[in-house]
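Proteins get letters first, then strands, A, B, ... in listed order; numbering begins at 1 in each.
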Amino acid sequence: MLDAAPQHRLGSVDRAGIFPLVAEGLVFEAGGRRLVDGLDLRLDGAERVVILGPNGAGKSLLLKLLDGLVAPSAGRIAWNGRPADMAVRAATAMVFQRPVLLRRSVAANLDHALAARGINGVERRQRVGDALAMARLSPLAAQPARLLSGGEQQRLALARALALQPRLLFLDEPTASLDPASTLAVEGLIEAARHAGAATVLVTHDRGQARRHADRILFMQSGRVVEDTPADAFFDRPRSAAGRAYLEGRIFV
Amino acid sequence: MQDLGQAFATAWAMLTGFDPALWSVVLLSLKVSLGAVAIASALGIPLGAMLAVARFPGRGGVLVLLNAMMGLPPVVIGLLVYLLLSASGPFGVLHLLYTPTAMVVAQTLLVLPIVAALSRQVIEDLALEYADYFRSLGLGRAGAVATLIYDARFSLTTAVLAGFGRAIAEVGAVMIVGGNIDRVTRVMTTTIALETSKGNIALALALGLVLILIAVLVNVAVMGLRATAARAAYA
Ligand SMILES: Nc1ncnc2c1ncn2[C@@H]1O[C@H](COP(=O)(O)OP(=O)(O)OP(=O)(O)O)[C@@H](O)[C@H]1O
Ligand SMILES: [Mg+2]
């Protein structure tokens, strides 16, 4: 069994003990459609994973399944051999495709997430301040979060996830509505999170970003991972017809 | 019957002259209704929030019941509380009938479904929007409810004001359980009913003006809150 593999064979240090993350036979059905269709996946937390694929392929759904936001119709997900528990929750964070921000100030949004994870007192204040500075949102700290521009909201959502210091970070198109400079700034934040020990699973439609941020590409189509390859190989010569079509920008359904 | 113009003049004099008989009635009204709204909100907002986030068998039935109770006629609630508090009723030993406490109890029962049902609606929309964030964060039920109540604070205040408007304006419930006793359980609405039938139009008019003023103030407060919330994008 894959998920029974002991952790020390992986060669990566895993402080929180959540890797390997193994999904087996994952299925998600809704309205009579198989939106995720028998998907197998193994992440050991060492490589930078990027998920590519056309609109509606099931990329966001896969992240939500892995993060436990939706329950699979079939199949199972194991974190270091066990189902998701509070330790797994505490070690993961997610940046949604559409930012979910509270009806509070920018700083209060950061504060809320940290408080919910049981981080208190001086450390919480410090992390809020650091997150604001890092995302260059300090001047907007007291603004209602929902009055921020789309790009600022996305930066806040990322800063909030990073402030939790996750071991595994799910990023669903975190730069989709950012200008080029902000995109690079956000990529810098993601890079910094990795240096701090976070593994990342990034969904993007930006091929340049995928090249910059992937060691491994999962190419999805119609709820399946049709290609799971090292990034270089994928961009040189995708094995699947769908992957080739996607890279060449040919439209397909 | 007095001349209407003269009645207005007398009413105005009572208002501006801080006529003690008038103001004691106004004060009792406010005490009873504010007390009832406070209790109904303390219970109804968390209840509404729980109903918004909880999924259990029979939830649909509970929601239908709650919404139906929003429209219960005050006299029916008055009758119910009367039966409970009357000497032969289950709570007769407390000797609460014909006291302001009985009136608070009746109005609490009147307002509770309103506050709970409106809170449920407001919070359920918000809960849907925040669901992924809460789940990803691993936030428990209690933390989620607290967050939702805080973030819905402007809309919830509107629900509370709606409850207050209903309480201060109702006659039937306080009439039945309070008994409209002079200087003890006489509130604005019951006094208006009584004094009008006695032909003392001036006092009734003065109290009517106070009620209208309160209604206007409540609506101003609601509009002000909406504007503030919209301006701050907290709505
Ligand atoms: N909770 C859900 N219930 C029912 N259907 C869903 C649910 N979530 C997603 N879907 C459907 O599943 C399909 C895949 O959605 P998903 O959001 O995963 O696509 P995606 O690959 O992220 O696309 P995009 O690139 O546009 O973000 C879509 O057709 C969507 O309508
Ligand atoms: Mg998506």
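- Remark: side-chain polar atoms of A:R167 are not paired, donor with acceptor, to backbone N or O of A:A91 under 3.5 angstrom.
- Chain A is approached within less than 4.5 Å, heavy atom to heavy atom, by B:L126, B:E129, B:Y130, B:D132, B:Y133, B:F134, B:R135 from residues 123-135 of chain B, ordered by number.
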Exercise for the section: Dump the intermediate steps for side chain to side chain contact (heavy atoms under 4.5 Å, CB included) on A:D40 and A:R42, then the final yes or no. Expected result: CA-CA 7 Å; A:D40 298 308; A:R42 180 190 172 93; over 6 Å; no

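- When A:A116, A:A161, A:A113 are compared by the number of non-hydrogen pairs under 4.5 Å with chain B, A:A113 comes out ahead.
- For the side chain to side chain contact (heavy atoms under 4.5 Å, CB included) with A:F28, the qualifying choice from A:L62, A:D37, A:V36 is A:V36, the only one to do so.
- Of the atoms belonging to A:R98, not a single heavy atom falls under 4.5 Å from chain B.
- If you measure heavy-atom distances from B:L137 to chain A, the contacts under 4.5 Å come from both the backbone and the side chain.
- Note on A:R104 versus B:D151: salt bridge recorded, some NZ/NE/NH1/NH2 to OD/OE distance being below 4.0 Å.
- Between the side chain of A:Q154 and the main chain of A:S177, a donor-acceptor pair closer than 3.5 Å is present.
- Tested against A:L26 for a side chain to side chain contact (heavy atoms under 4.5 Å, CB included), the candidates A:L61, A:I77, A:V225 yield a single pass: A:I77.
- With a 4.5 Å cut-off on non-hydrogen atoms, A:L164 touches chain B through its side chain but not through its backbone.
- Ionic pairing of A:E152 and A:R155 is not present here: no N-O contact between side-chain nitrogen and carboxylate oxygen is shorter than 4.0 angstrom.
- For the side chain to side chain contact (heavy atoms under 4.5 Å, CB included) test with B:V81, the passing option among B:V76, B:V105, B:V174, B:L96 is B:V105; the others fail.
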